[in-house]
Amino acid sequence: MSERHLGEDHSVVTADVAATEFADESAPIDVPHDVDGVVVLDYGGQYSQLIARRVRECGVFSELLPHHVGVEEVARRKPRGLILSGGPASVYSQDAPKLEAALLELGIPVLGICYGMQLVAHELGGRVESAEVGEYGRSQLTVHEPGVLFAGLPAEQPCWMSHRDTVFEPPTGFTALASSTQSPVAAFESRERDIYGIQFHPEVVHTPYGQDVLTHFLRDVCGCAMTWSAASIVEEQIARIRAQVGDGKVVCGLSGGVDSSVAALLVHRAIGDQLTCVFVDHGMMRKNEGAQVVETFRDYFKVPLVAVDAEDRFLERLRGVSEPEQKRKIIGAEFIRVFEEEAAKVGDAKFLVQGTLYSDVIESGGGTGASTIKSHHNVGGLPDDLKFELVEPLRALFKDEVRAVGTEIGLPERMVWRQPFPGPGLAIRIVGGEATKERLDLLRDADHILQDEIRNAGLYRDLWQSFCVLPDVRTVGVQGDERTYGYVVVIRAVTSDDAMTADWARLPYDLLEQIASRMINELREVNRVVLDITSKPPGTIEWE
Ligand code: XMP
């Protein structure tokens, strides 16, 4: 990974300029103490994060930990229950993650999902074998014995499967509850031992009764109160922030993105004017974006805000630069410089607010100090020689929960639902050429038309991102009987869940026509509009 980001849609900081050690990565997340929670152990499954999110959607706090954290680490959290996730391994392969037997002796209910179920079966003497035929995708579940998990649910129901190894016989003392097209034992339980297993994936939308099955486990087996909601932690977070910073001064880099905005507002609620926000306008923002940040935070919420108009500085540094990584590095380094200068003016600020999310925490080691599952570019961002102690009020929250908190504390809808925007901003959307003021202004105007039309069509929230790209290319056209030689604007609109993969959005033809004709009519320099129909992979979302 060649770069590090300040936050989801914050300014980029390159590895060259950022120190590689980041404060506080290993700290456990702040587990709210007055709500029931469960631990989800991650055995490497594709959907592990989704399990943790679905549990929270049921109203139960959940933490996702790597499978090897050890039983003490799990017990320390005093969970009401334990869920073992799926994973790609076979219980018979040499290097397969093993089930620590003590996890079944914690005195709390255990639910194994997919590989998690096979681990339990294998550990307790059931029969797990590789089946002749794998079972991938949609399947049909037949419930023979509802037990507690399927109480009140249809005997026949669709479910989503993804496995080759299969449980052929449950361990002694367990009751087989269901079978599926290719799984003789697709669910089992032992009420006595309080251990449960399901082969299918309850967390995906293709298992329509999955949320019910999870609810039965969480409410009827674990006895959870189901009262967790992201909004319910606002008061608790405020108390924590107060306890952490006392009467110290705090700075926050505000980008206008969801994460930094929600983090800043929460901290302001907690400590008022001890907080100063710094918004660096590098001149690569979208139309009116800087003004909106100032209006919202300074004028409306009365948050002390330093808004720095650094456009000239950034443009100067970017002069003659067309190589994308170089643009990123320059912008990242300059951002730190400007931020440091402004933070120094705040006086003896000891704390820095970061909009780190739970998904960042998980992906950099699960909040346990354990080794990294996946390296991730979102954690950290500012070099640690800035010597701030971090305040991270969103560390326990998934993105959708951050939006819920944002709504709860009154952040305008426009900001709560803002699409992600890259730290280097429009500079990396002027491709193959230098980001000059003239081109940035043109791109800003084209982008404004696109956003306007997408919002009017009611599609803004359905898209992961929608934006324009301005290649450094001119093409010939004819307008009003005259030859033109103008810019090409590219429309890029994608759907995605997490930006790891994306599909190009099938925007209605009439809408595309309206966008194109507005761009060509309203923007003199543009004479052609094209649509990018590349998914990711093989393309990336951004062009640079
Ligand atoms: P790609 O283009 O890699 O983008 O498919 C994936 C997501 O990351 C955003 N992105 C960035 N965000 N600094 C950022 O803060 C960057 O340098 C950067 N490059 C890409 C992109 O907008 C998309 O959401």
Side-chain angles (χ1 to χ4, degrees), residues 1-18 22 253-261 263 279-286 289 314 317-318 321-336 339 354-357 359-360 363 374-382 399 402-403 417-432 435 443 447 450-451 454 460-471 490-505 532-544:
M1 190 62 55
S2 67
E3 77 245 344
R4 292 190 176 265
H5 302 185
L6 250 186
E8 161 260 351
D9 45 10
H10 216 292
S11 288
V12 65
V13 179
T14 60
D16 285 3
V17 290
F22 293 91
L254 198 59
S255 70
V258 189
D259 306 343
S260 67
S261 297
F279 168 63
V280 179
D281 187 344
H282 52 21
M284 320 286 150
M285 308 290 285
R286 286 167 293 192
E289 213 161 23
F314 279 85
R317 299 254 170 203
L318 287 171
V321 177
S322 56
E323 206 280 314
E325 284 310 294
Q326 217 188 329
K327 285 182 190 167
R328 281 193 168 80
K329 282 187 183 165
I330 290 171
I331 294 172
E334 194 61 17
F335 179 85
I336 293 176
F339 185 83
Q354 288 274 54
T356 315
L357 301 194
S359 32
D360 309 328
E363 288 173 11
K374 286 178 229 161
S375 70
H376 193 267
H377 51 245
N378 273 349
V379 174
L382 286 170
K399 186 80 175 193
V402 171
R403 292 203 158 109
W417 288 99
R418 201 184 84 147
Q419 291 174 356
F421 186 64
L426 299 181
I428 55 162
R429 293 177 180 170
I430 291 173
V431 303
L443 179 55
D447 187 75
L450 178 73
Q451 301 312 337
I454 298 257
Y460 185 81
R461 278 203 207 177
D462 297 337
L463 301 173
W464 173 264
Q465 272 171 297
S466 47
F467 57 87
C468 294
V469 174
L470 187 69
V490 180
I491 297 173
R492 180 70 165 148
V494 297
T495 53
S496 176
D497 285 328
D498 53 10
M500 302 296 283
T501 61
D503 197 8
W504 61 280
D532 181 354
I533 55 166
T534 321
S535 60
K536 172 183 180 177
T540 49
I541 295 175
E542 304 287 348
W543 273 36
E544 282 198 337

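Both ligands and their constituent atoms are indexed starting at 1 by order of listing.
Annotation for Ala263 and Gly355: closest pair CB-CA, 4.2 Å, computed over non-hydrogen atoms. Across all non-hydrogen atoms, the minimal contact from Gly432 to Ser322 is C-CB, 4.2 Å.
Nearest-heavy-atom check against atom 7 (C) of ligand 1 across Gly423, Ala502, Ala499 picks out Ala499. Scanning Gln465, Glu542, Lys536, Lys329 for the heavy atom closest to atom 24 (O) of ligand 1 points to Gln465.
Once rounded to the nearest 0.5 Å, the distance linking CG of Asp281 with OG of Ser255 reads 11.5 Å.
Close contacts between ligand 1 and Arg328 involve ligand atoms 16 (C), 17 (O), 18 (C), 19 (N), 20 (C) [criterion: under 4.0 Å to a heavy atom]. Counting atoms of ligand 1 from 1 in the listed order, those under 4.0 Å from a heavy atom of Trp464 are 24 (O).
Trp543 pairs by the side-chain hydrogen bond (donor to acceptor under 3.5 Å, both in side chains) definition with Asp532, not counting sequence neighbours. Partners of Glu289 by salt bridge (Lys or Arg N to Asp or Glu O under 4.0 Å), not counting sequence neighbours, listed by chain and number: Arg286, Arg418.
For the pair Ile541 and ligand 1, the shortest N or O to N or O distance falls below 3.5 Å. Ligand 1 has no N or O atom lying under 3.5 Å from any N or O atom of Phe421, backbone or side chain.
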